Amino acid sequence: MKTPGLFAGVDAAFSRDGRFALAAAVLWDALESKALHIAIGRAPLRFPYIPGLLSFRELPAVLAALRKLPQTPDAVLCDAQGICHPRGIGLAAHLGLWLDLPTVGCAKSRLCGEAEEPPLGVGAAVPMTLRGVQVGVVLRTRRAVRPLYVSPGHLCDIAQSVAWTLAACRGFRLPEPTRLAHQAVTRARG
DNA sequence: GCGACAG
DNA sequence: ATCTTGTCGC
């Protein structure tokens, strides 16, 4: 698939009473660099946070938010890992597999795998390996700023996950879809 | 036993 | 993730 023109970005947070997982799904037009729709989803929290099992805690709310979008995006960007996961199925991969949609994992920190420090320039990327095989990259999305851990979620390869992530960045560390989703869900919790 | 550990 | 103020830099 070529570079998506219509992205969706998702991110989760928690209600103040700690009983629900909240999530925002932002439909974002890359050509116009603008959000077309923002939806909020909610689901009761039934699972604790366990590294490696994040999907069980956050996916229900994420799915509820995505269901409210008026259109199906070409690809979904997630604030989590894709296949750079102990079992090869981080939240982004899990979500894509379930929805049968291309997804990318754009995590802010490392869960597993090894990588060198990438050069400081925007777009610099170094391979992220797990058990000797490359599963993603550590990508600099902003000059001299903490890099992102990018890996394919579903229906895309490493090169595409990087190209798509950069295609959705607009000067901030996080790609616009997930950055806006983070703002939206943060506002939603009051 | 010790350290690591997405959000 | 969430709890929290000011502060340094573009």
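Because the structure is predicted, anything quoted here is derived from the model rather than measured.
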A:Leu174 CG to B:dA6 C1': how many Å, rounded? 13 Å

Rounded distance in Å - CZ (A:Phe56) to P (B:dG7): 18 Å

Output the single nucleotide from B:dG7, B:dA4, C:dA1 whose closest atom is nearest the side chain of A:Arg110. B:dA4

Can you label the angle between the A:His94 ring and the A:Phe56 ring as parallel, tilted or perpendicular, going by 30° and 60°? perpendicular

Side-chain N or O of A:Arg57 less than 4.0 angstrom from OP1 or OP2 on B:dA6? no

Are A:Thr103 and A:Ser161 side-chain neighbours, meaning at least one heavy-atom pair lies under 4.5 Å? no

Would you say a side-chain N or O of A:His182 is under 4.0 Å from OP1 or OP2 of C:dA1? yes

When the distance from CG of A:Leu54 to C1' of B:dA6 is rounded to whole Å, what number comes out? 6 Å

Quick check: do A:Leu111 and A:Pro86 have side-chain heavy atoms less than 4.5 Å from each other? yes

Heavy-atom side-chain contact between A:Trp28 and A:Ser33 under 4.5 Å: yes

CZ of A:Arg189 versus P of B:dG7: gap in Å, rounded? 16 Å

With respect to the phosphate group of B:dG7, does any side-chain polar atom (N or O) of A:Lys108 fall under 4.0 Å of OP1 or OP2? yes

Among B:dA6, C:dA1, C:dC3, the one nearest A:Leu91 by side-chain distance: B:dA6

Any A:Ser109 side-chain N or O less than 4.0 Å from OP1/OP2 of B:dG7: yes

Whole angstrom value for the distance that separates P of B:dG7 from CG of A:Leu22: 17 Å

Rounded to the Å, how far apart are A:Leu77 CG and B:dA6 P? 20 Å

Figure out the CZ/P separation between A:Arg16 and C:dA1, and round it to whole Å. 14 Å

So, does A:Tyr49 get its side chain near the phosphate of B:dA6, meaning an N or O under 4.0 Å from OP1 or OP2? yes

